[in-house]
Q: 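Can you read through this structure? Questions will come right after.
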Amino acid sequence: MQIGDTFVSATLAQQAIEEGLYNIENPFSTNPVHLAAIRNTGLRLTRDQVTDHKTARVSFDGQAFALGGGNVQWAAGAAFAHEERRNVYDYRDVENRSYEASDVLGSSGNSFSGDRQRWSAFTEVSLPLRNDWDLVLAGRLDEHDDAGTAFSHQITSRYRLHKALTLRGSWNRASKAPDLSSLHQLQAISYPYVCDRKAFTGNLQDCPRYQVERSFGGNPNLKPDEAESFSLGAVMNLRPFSLSVDWFRIGRSDVPTRLSAQSIIDLEAEGRLPSGVTVRRDGDFIDLIESPLVNSGAGDVAGFNVQGSMDWKTDWADVVFAAYWSHITENEFRVAGEVQPGDYPRNRVHALLRASRGSVTANWSVIGVTGYSNVLGTASYKAWMGHNLTIQWRDALGVKGMDVAGGILNIGNRGPSTATQQEVDLTQDSARGRTFFLAAKISFDP
């Protein structure tokens, strides 16, 4: 159960204001009647969250005829799965009366419950065409009782030019069913900040932003989305040094999504609102945005991944240094054919220094992300970098099977990057600040 003062009934709040119980001119009033109105309009949240997943699977594998690099390896199988999920929010006032999520002011949750059955068939074949050339073919068919058919297939290949240099590539087409929350989520209300481009035609940076009511929920008629990916790369291995470079491109379509609130307002000003999306106004003031979830999303992401490592032994420890760099050259997302506003970090870096001596291993890691602009392009999130230290002790205290781990996350206690007072990036470890942890685990051999 979660109890918080941020959940308020809109109905009760309106009633308290109309009856003069809540002092709207001075919300910080200490008048007992006013304080009682605050208490009586608040809601207590109880959350019922259950996931039940049952799976039965059978698979076979073996060898077939020989090719230039050896025998063909194959595998095939089938599976049946039943999934049931429930995530129900129950809001009650001081008199234990229940309220719908649409009546809740604040960070209210959105309830859903549903179940799904899935039948699957899959196969994979490894073809050693030559001693230096491997080709792998794989396919999978999923039949869902609620979202239809999803089919995926993949081709991957490796070609060894030299004992120290290997070329690799892959092509993949995949389809994925929408999750149960997207299908069965009840209608909910949010209050995003928007710039009313229909009423304001001046400099965007000077546009006043205010909160509007937005209605959204799930859609039981959603179908599986589609994705296609390509990658090409090379791996060089010169002990104790290794380096890999890969280019990738991922395209997605029919993604269940909805337009951002600002995009809806922009399209309304241009007279190009997509079907099913509405903006209701009371005069010049936006009264309500209705934004349904539909298979209208599409996007493209492309970039490079570079990873290098080096290991060496010393008298006091075995040491490994590894570094990973991801550079994004393209990241565009569209809804109903409209490019969504927003920027993204072009570079992410993760470096790790590991030292092992006996049963003790220490890890020092650094995570860095470059800065980017906010949705409106009026401000920027600054670059963020954090440091973590973890120590693991295997067979601690001489007890076989007991592992002890501890350390400090976000050592520098770096806070999240902010673009404006309302816009905070909580995607990094900065969301939890400096964190100390200690964990122990013991396992027994049968």
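Here the structure is a predicted model, which is why all the values come from computation and not from measurement.
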Q: Would you call the rings of Trp119 and Phe80 parallel, tilted or perpendicular if under 30° counts as parallel and over 60° as perpendicular?
A: tilted
Q: Go through the steps to decide whether Val50 and Arg85 satisfy the test side chain to side chain contact (heavy atoms under 4.5 Å, CB included), and finish with yes or no.
A: CA-CA 6 Å; Val50 175; Arg85 293 185 62 196; over 6 Å; no
Q: Identify the two heavy atoms, one from Ser175 and one from Ser152, that lie closest to each other, and give their separation to 0.1 Å.
A: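 So the two residues come closest at N-OG, 3.3 Å.
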Q: Less than 4.5 Å apart, any side-chain heavy atom of Ile367 and any of Val349?
A: no
Q: Decide, yes or no, whether a salt bridge links Arg47 with Asp90 under the criterion of side-chain N to carboxylate O below 4.0 Å.
A: no
Q: Less than 4.0 angstrom from a charged side-chain N to a carboxylate O is my criterion; do Asp287 and Arg281 meet it?
A: no
Q: Side chains of Asn331 and Arg346: do they bring a donor and an acceptor to under 3.5 Å?
A: no
Q: Give a yes or no on whether a salt bridge exists between Arg209 and Glu423, defined as a side-chain N under 4.0 angstrom from a carboxylate O.
A: yes
Q: How far apart are the C-alpha atoms of His327 and Thr329, what are their side-chain angles, what is the distance that settles it, and do they pass the side-chain hydrogen bond (donor to acceptor under 3.5 Å, both in side chains) test?
A: CA-CA 6 Å; His327 176 64; Thr329 58; over 6 Å; no
Q: Can you confirm whether more than 12 heavy atoms, excluding those of Asp52, are under 6.0 Å from its CG atom?
A: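 More than 12 heavy atoms, drawn from other residues, nucleotides or ligands, come within 6.0 Å of this atom.
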Q: Got a salt bridge between Arg252 and Asp225, using NZ or NE/NH1/NH2 to carboxylate O under 4.0 Å?
A: yes
Q: Could you check whether Trp171 and His153 have their ring centres less than 6.0 Å apart?
A: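 Ring centroids of His153 and Trp171 are less than 6.0 Å from each other.
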Q: Kindly determine whether Arg354 and Thr361 satisfy side chain to side chain contact (heavy atoms under 4.5 Å, CB included), including the steps that lead there.
A: CA-CA 7 Å; Arg354 173 182 299 153; Thr361 300; 3.6 Å; yes
Q: Given the rule in the salt bridge (Lys or Arg N to Asp or Glu O under 4.0 Å) test, do Arg168 and Asp246 qualify, once you have shown the distances and angles that lead to the verdict?
A: CA-CA 9 Å; Arg168 61 188 180 187; Asp246 293 279; 2.7 Å; yes
Q: Check this for me: does any side-chain nitrogen of one of Asp300 and Arg334 sit under 4.0 Å from a carboxylate oxygen of the other?
A: yes
Q: So, for Ala147 and Arg116, which heavy atoms are closest and what is the spacing to 0.1 Å?
A: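 Closest approach of Ala147 to Arg116: CB-NH2, 4.4 Å.
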Q: Between Arg258 and Ser291, is there a donor-acceptor pair closer than 3.5 Å when you use the side chain of the first and the backbone of the second?
A: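 Confirmed, Arg258 side chain pairs with Ser291 backbone.
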Q: So, do Ile289 and Ile265 sit near enough that their side-chain heavy atoms are less than 4.5 Å apart?
A: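 Result yes, sub-4.5 Å side-chain heavy-atom pair found.
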Q: For a quick test of reading the model, state the closest non-hydrogen atom pair linking Val58 to Phe122 and the distance between them.
A: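 Minimum heavy-atom contact is O-CZ, 4.2 Å.
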Q: Any side-chain heavy atom of Arg140 within less than 4.5 Å of one from Phe151?
A: no
Q: Which atom pair, heavy atoms only, marks the closest approach of Ser373 to Gly377?
A: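 So the two residues come closest at CB-CA, 4.4 Å.
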Q: Start with the C-alpha distance between Thr41 and Ser9, add both sets of side-chain angles, then the distance that settles side-chain hydrogen bond (donor to acceptor under 3.5 Å, both in side chains), and finish with yes or no.
A: CA-CA 6 Å; Thr41 56; Ser9 165; over 6 Å; no
Q: Could you walk me through whether Ser244 and Gln307 pass side-chain hydrogen bond (donor to acceptor under 3.5 Å, both in side chains), step by step?
A: CA-CA 5 Å; Ser244 66; Gln307 185 169 1; 4.6 Å; no
Q: Show the numbers, then the answer: is there a ring-ring contact (aromatic ring centres under 6.0 Å, His included) between Phe285 and Tyr210?
A: CA-CA 10 Å; Phe285 186 78; Tyr210 60 92; 5.4 Å; yes
Q: Inspect the contact between Glu268 and Arg197 and indicate whether a charged nitrogen and a carboxylate oxygen are less than 4.0 angstrom apart.
A: no
Q: Report, as yes or no, whether the 6.0 Å neighbourhood of atom CD1 on Ile24 holds more than 12 heavy atoms from other residues, nucleotides or ligands.
A: no
Q: Could you tell me whether Arg86 and Asp48 have a side-chain N and a carboxylate O separated by less than 4.0 Å?
A: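 Yes, this pair counts.
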Q: For the pair Arg394 and Asp403, find out whether any cationic side-chain nitrogen is under 4.0 Å from an anionic carboxylate oxygen.
A: no
Q: Checking the side chain of Ser170 only, and the main-chain atoms of Ile155 only, is there a donor and an acceptor separated by less than 3.5 Å?
A: no
Q: In terms of side-chain heavy atoms, does Asn23 have a donor or acceptor partner in His34 at a distance below 3.5 Å?
A: no
Q: Measure across Asn388 and Leu409 and return the closest heavy-atom pair with its distance rounded to 0.1 Å.
A: OD1-CA, 3.3 Å
Q: Just by distance, do the side chain of Gln211 and the backbone of Tyr191 share a donor-acceptor pair under 3.5 Å?
A: yes
Q: Taking all heavy atoms of Gly217 and all of Leu293, pick out the closest pair and write down the distance.
A: O-CB, 3.6 Å
Q: Would you mind reporting whether Gln392 and Val360 have side-chain heavy atoms less than 4.5 Å apart?
A: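 Val360 does not reach Gln392 side chain to side chain.
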Q: Donor-acceptor pair, distance only, cut-off 3.5 Å: does the side chain of Thr418 make one with the backbone of Pro416?
A: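 Side chain of Thr418 to backbone of Pro416, a donor-acceptor pair under 3.5 Å: no, none is there.
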Q: Would you sort out whether Phe112 and Leu183 count as a side chain to side chain contact (heavy atoms under 4.5 Å, CB included), showing the intermediate values?
A: CA-CA 9 Å; Phe112 78 92; Leu183 294 173; over 6 Å; no
Q: Evaluate Gln262 against Tyr193 for side chain to side chain contact (heavy atoms under 4.5 Å, CB included), listing each step before the verdict.
A: CA-CA 8 Å; Gln262 187 60 57; Tyr193 283 87; over 6 Å; no
Q: Mind checking the OG1-CG spacing from Thr51 to Leu180? Nearest 0.5 Å is all I need.
A: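 Between Thr51 OG1 and Leu180 CG, I get 9.0 Å after rounding to 0.5 Å.
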Q: Taking side chain as C-beta onward, heavy atoms only, is Leu288 less than 4.5 Å from Arg214?
A: no
Q: Under the 3.5 angstrom rule, does the side chain of Asp103 hit a backbone N or O of Tyr99 as a donor-acceptor pair?
A: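 Such a contact is absent between Asp103 side chain and Tyr99 backbone.
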Q: Which value, rounded to the nearest 0.5 Å, describes the distance between Leu389 atom CG and Ile411 atom CD1?
A: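 These two atoms lie 5.0 Å from each other.
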Q: If you measure from the Lys or Arg side-chain nitrogens to the Asp or Glu carboxylate oxygens, is any gap between Arg118 and Asp142 under 4.0 Å?
A: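 So Arg118 pairs with Asp142 through a salt bridge.
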